[in-house]
Peer 1: 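The structure is given below, and queries will be raised subsequently.
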Amino acid sequence: MSGRSSEALAPGPVSDILWEPQSASSVTVSWSPPQMPNGVILKYSVVLERYEDGLIIDSRELDGTTIFTDNQAVVAEVPYNVTVTARNSAGEGDPVEIVDFTE
């Protein structure tokens, strides 16, 4: 029998990314773990950047599925990219990106 065990594969993509503005300069981003984690998820990489020029506002590695950013660089009514990637012992899964804005 040949093939790779699911533990030798990177995780699938996260799902259900939710962008929730808390104020003009703060936002909570949450997501659901991959449906196919292919082992234990070790970390999630999250990058928040301005859509217009790619300026990175926040970049973190997290154990959980929620991030809160309160940053004066977050400006109301400006679009942002949020990219979330899951990682297990085999590597990083496919990144998932949404574009949204604060109110």
Peer 1: Applying a strict under-4.5 Å side-chain criterion to I, L, V, M, F, W and Y, I'd like to know whether Leu9 and Leu42 cluster together.
Peer 2: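 Unlinked, Leu9 and Leu42 end up in two clusters.
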
Peer 1: With sequence neighbours left out, which residue pairs that include part of residues 24-43 fulfil the salt bridge (charged side-chain N to carboxylate O under 4.0 Å, His left out) condition?
Peer 2: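 Listed by first then second residue: Lys43-Asp63.
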
Peer 1: If we ignore hydrogens and angles and just use 3.5 Å, is the side chain of Asn88 paired with the main-chain N or O of Pro37 as donor and acceptor?
Peer 2: yes

Peer 1: Go through it in stages, so that I can follow the logic: the residues are Leu48 and Asn81, the test is side chain to side chain contact (heavy atoms under 4.5 Å, CB included), and I'd like the CA-CA distance, side-chain angles, deciding distance and then a yes or no.
Peer 2: CA-CA 6 Å; Leu48 170 63; Asn81 286 342; over 6 Å; no

Peer 1: What is the minimum heavy-atom distance between Ile56 and Glu49, and which atoms define it?
Peer 2: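 Heavy atoms only, the tightest pair is CA-CB, 4.0 Å.
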
Peer 1: Between Leu18 and Ile98, is there shared hydrophobic-cluster membership here, with clusters defined by ILVMFWY side-chain heavy atoms closer than 4.5 Å?
Peer 2: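 No.
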
Peer 1: Assess the residue pair Val75 and Tyr80 against the criterion (side chain to side chain contact (heavy atoms under 4.5 Å, CB included)); give the C-alpha distance rounded to whole Å, side-chain angles, the decisive distance to 0.1 Å, and a yes or no.
Peer 2: CA-CA 10 Å; Val75 179; Tyr80 294 90; 3.9 Å; yes

Peer 1: If every non-hydrogen atom of Ser25 is compared with every non-hydrogen atom of Gln72, which pair is closest and at what distance?
Peer 2: OG-NE2, 3.9 Å

Peer 1: Please tell me if the side chains of Asp58 and Ile67 come closer than 4.5 Å, counting only heavy atoms from C-beta onward.
Peer 2: yes

Peer 1: With a 4.5 Å limit on heavy-atom distance, are the side chains of Pro11 and Met36 in contact?
Peer 2: no

Peer 1: Taking salt bridge (Lys or Arg N to Asp or Glu O under 4.0 Å) as the test, write out the residues that go with Glu61, two or more places apart.
Peer 2: Arg87

Peer 1: Considering residues at least two apart in sequence or located in another chain, which fulfil the salt bridge (Lys or Arg N to Asp or Glu O under 4.0 Å) criterion with Asp53?
Peer 2: Arg50

Peer 1: So which heavy atom on Ser32 is nearest to which on Val14, and how close?
Peer 2: O-CB, 3.4 Å

Peer 1: Compare all side-chain heavy atoms of Asp94 with those of Val96 and state whether any distance is below 4.5 angstrom.
Peer 2: no

Peer 1: Given the rule in the side chain to side chain contact (heavy atoms under 4.5 Å, CB included) test, do Thr65 and Ser30 qualify, once you have shown the distances and angles that lead to the verdict?
Peer 2: CA-CA 6 Å; Thr65 58; Ser30 60; 5.8 Å; no

Peer 1: With heavy-atom distances below 4.5 Å as the criterion, would you say the side chains of Val46 and Leu62 are in contact?
Peer 2: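 Touching, per the 4.5 Å side-chain cut-off.
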
Peer 1: Please give me the minimum heavy-atom distance between Asn38 and Gly12, naming the atom from each residue.
Peer 2: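 Distance-wise, the nearest heavy atoms are ND2-N, 4.3 Å.
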
Peer 1: Would you say that Val47 contacts Ser59 through its side chain, given a criterion of any heavy-atom pair below 4.5 Å between the two side chains?
Peer 2: yes

Peer 1: Only counting residues at least two apart or in another chain, list the ones meeting side-chain contact (heavy atoms from CB on, under 4.5 Å) with Asn71.
Peer 2: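 Residues passing side-chain contact (heavy atoms from CB on, under 4.5 Å) with Asn71: Ile57, Thr69, Ala73, Val74.
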
Peer 1: Can you sort out the partners of Phe68 under side-chain contact (heavy atoms from CB on, under 4.5 Å), two or more places apart, ordered by chain and number?
Peer 2: Gln22, Ser26, Thr28, Asp70

Peer 1: Could you tell me which non-hydrogen atom of Pro34 sits nearest to which non-hydrogen atom of Ala86, and how far apart they are?
Peer 2: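 Looking at all heavy atoms of both residues, the shortest contact is CG-CB, 3.7 Å.
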
Peer 1: Would you mind listing every ring pair (Phe, Tyr, Trp, His ring centres under 6.0 Å) that reaches into residues 43-66, with sequence neighbours excluded?
Peer 2: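 Only Trp31-Tyr44 qualify under ring pair (Phe, Tyr, Trp, His ring centres under 6.0 Å).
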
